[in-house]
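Below: the structure, in structure tokens.
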Amino acid sequence: MDSEFSNILNKSELTKENLIKLIEANEGESEMLFEKAKEVRDLNTGKKVHLRGLIEFSNICSKNCYYCGIRCGNKNVKRYEATEDEIAEAARYAHDSGLGSVALQSGERSDKDFVKKVDRIIRRIKQQSNGELGITLSAGEQSEDIYRMWFESGAHRYLLRIEVSDPGLYKKLHPGDKRHDFNRRMESLLLLRKTGYQTGSGVLAGLPFQTTSHLAADLLFLKKADVDMVGMGPYIEHPETPLYSYKNTLLTREERLHLVLKMVAALRLLMNNINIAATTAMQTLDPRGVEKALKAGANIVMPNITPAKYKENYFLYEGKSGTSQNRDEAKRKAVERILAAGYEPGYGEWGDSRKFLNREQK
């Protein structure tokens with residue numbers, strides 16, 4: 001069995017059947033998978049782990065996704081929107097403390113006030129950092145004109161997670177209205193690439209109704225979409241969501257972490273030079289979650305530098321890690337985890353996807 005599994009690990013092209021076997025790997029096979037993914041990661045992206053200062057600047061959202069704690073249907077959320085001064089100050093901290101980039105994340109909105117505010121923030125961050133600070137956006141589905149405006153103002157990476165790539169499963173996890181249209185989300189990913197962004201997406205692992213066949217298809221979707229970066233996380237339930245009623249059907253938290261680590265490793269074999277984040281949700285399930293993800297092929301860490309008074313209200317799922325940390329502690333912990341995994345923090349660097357850079361050079 002070991003030799004069959006080893007053969008899969010060394011294939012130049014992975015089929016859906018191969019990926020299912022990697023996702024279903026037992027403990028011993030998983031160690032082989034993680035070791036191989038680490039080897040591939042080191043060879044193709046180097047020994048540096050790049051830092052993104054995460055600024056969760058608003059939890060106001062127009063979407064009502066059944067798995068998310070800040071869904072618009074949750075009336076028990078204390079909604080907030082950080083001021084432009086507060087966001088700019090957090091970005092200044094990132095620049096001054098050697099974080100090469102910020103990731104500006106919010107609930108999904110496309111109203112005019114929001115769009116203009118984001119544009120002003122991008123321009124302000126670029127101006128105050130003399131163009132030195134990289135900017136990743138994660139602000140949902142927008143029109144091509146809006147994506148282009150933000151890109152021309154200075155944002156250069158954009159994360160739009162698909163969460164699940166199967167249209168049938170997508171319908172089970174979202175309301176059946178025009179705000180939650182699978183095809184529109186797909187079109188938005190294409191627009192991001194067309195506009196010039198380094199384009200990112202990602203999925204959840206361990207959802208109700210989800211199979212390993214779904215997960216293998218998700219990985220192949222990411223490859224077909226030709227993404228430059230990925231943020232994947234384990235599904236963690238939230239009591240104010242419809243999916244919470246299925247909590248007793250879920251894998252244990254330990255099993256969900258192991259599942260998403262195998263997804264990270266399998267994706268690294270499938271797409272050897274993309275950026276893959278070690279996400280907060282992994283850390284929520286295990287104090288060493290980020291370190292384990294780095295050892296399984298991830299190469300991005302995002303210390304949360306959101307203004308302290310807002311942190312606990314960006315409550316996507318139960319028990320979210322790091323909400324009580326101040327930004328100095330968040331950064332220190334991130335660096336400690338990188339060093340503990342045997343890697344070097346990439347201070348003061350944008351840390352662009354090697355895949356993107358290679359494509360631009362052609």
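Positions are given from 1 along the sequence.
Within the model, atoms CZ of R157 and CE of M229 stand 6.5 Å from one another, a figure rounded to the nearest 0.5 Å. Rounded to the nearest 0.5 Å, atoms CD1 (I55) and CZ (R327) are 9.5 Å apart. For the atom pair CD1 (I305) and CZ (R52), the distance works out to 12.5 Å, reported to the nearest 0.5 Å. For the atom pair T83 OG1 and E89 CD, the distance stands at 10.0 Å (nearest 0.5 Å). The distance from the CG atom of L261 to the CD1 atom of I23 is 13.0 Å, given to the nearest 0.5 Å. With values rounded to the nearest 0.5 angstrom, T136 atom OG1 is found 8.0 Å from L104 atom CG.
A salt bridge is absent between K247 and E318; no separation between the charged side-chain nitrogens and carboxylate oxygens falls under 4.0 Å. The existence of a salt bridge linking D328 and R332 is excluded, since no basic side-chain nitrogen approaches an acidic carboxylate oxygen closer than 4.0 Å. A salt bridge is absent between D111 and K117; no separation between the charged side-chain nitrogens and carboxylate oxygens falls under 4.0 Å.
Put simply, the side chain of L22 reaches to within 4.5 Å of the side chain of L9, judged on heavy atoms. The shortest distance between side-chain heavy atoms of N304 and K333 does not fall below 4.5 Å. In this structure, the side chains of L339 and P345 come closer than 4.5 Å at one or more pairs of heavy atoms. When side chains are defined from C-beta on, F209 counts as touching L243, because their heavy atoms get closer than 4.5 Å. Counting heavy atoms from C-beta on, the side chains of E329 and N326 come closer than 4.5 Å. Looking at F114 and I146, their side chains never come closer than 4.5 Å, going by heavy atoms from C-beta outward.
Follow the hydrophobic side-chain contacts under 4.5 Å out from L267 and you never reach I300; the two are in separate clusters. Placement of Y314 and Y310 within a single hydrophobic cluster is found when ILVMFWY residues are connected by side-chain heavy-atom separations under 4.5 Å, directly or transitively. Hydrophobic cluster membership is shared by I236 and V290, with clusters built from Ile, Leu, Val, Met, Phe, Trp and Tyr side chains linked at under 4.5 angstrom.
Taking each heavy atom of S201 and L222 in turn, the nearest pair found is CB-CD2, 3.9 Å. For the pair C68 and T241, the tightest heavy-atom approach, listed with the atom from each and the gap, is O-CG2, 3.3 Å. In terms of heavy-atom proximity, R256 sits nearest to P234 at O-CB, 4.0 Å. Residues R179 and C72 approach most closely at NH1-SG, 3.6 Å, considering heavy atoms. Across E141 and L160, no two heavy atoms sit closer than the pair N-CD1, 3.9 Å. When all heavy atoms are compared, the tightest approach of A139 to Y158 is C-OH, 3.2 Å.
The main-chain N or O of N273 is never found under 3.5 Å from a side-chain atom of T45 such that the two would form a donor-acceptor pair.
In this pair, F34 and H258 present their aromatic rings perpendicular. The plane angle is above 60°, beyond the 30 to 60° band. The aromatic rings of H174 and Y170 lie parallel to each other, their planes meeting at an angle below 30°, with 60° marking the opposite boundary.
With sequence neighbours left out, the side chain to side chain donor-acceptor pair (under 3.5 Å) criterion links K320 to E56. Residues satisfying the ring pair (Phe, Tyr, Trp, His ring centres under 6.0 Å) criterion with Y343, sequence neighbours excluded, are absent altogether. Every ring pair (Phe, Tyr, Trp, His ring centres under 6.0 Å) that F151 has, sequence neighbours left out, goes to Y197.
If you check the side chains of K36 and N10, you find a donor sitting under 3.5 Å from an acceptor.
Note that K224 lies outside the cation-pi zone of F221, set by a 6.0 Å cut-off to the ring centre and a 45° limit from the axis.
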Begin from the C-alpha positions of N74 and H238 and carry the test side chain to side chain contact (heavy atoms under 4.5 Å, CB included) through to its verdict.
-> CA-CA 11 Å; N74 182 4; H238 187 295; 3.9 Å; yes

Show the numbers, then the answer: is there a salt bridge (charged side-chain N to carboxylate O under 4.0 Å, His left out) between E163 and R185?
-> CA-CA 10 Å; E163 304 301 8; R185 205 149 188 93; 5.9 Å; no

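Atom NZ of K171 has 12 or fewer neighbouring heavy atoms from other residues, nucleotides or ligands inside a 6.0 Å radius. Atom CZ of F182 has more than 12 heavy atoms from other residues, nucleotides or ligands within 6.0 Å.
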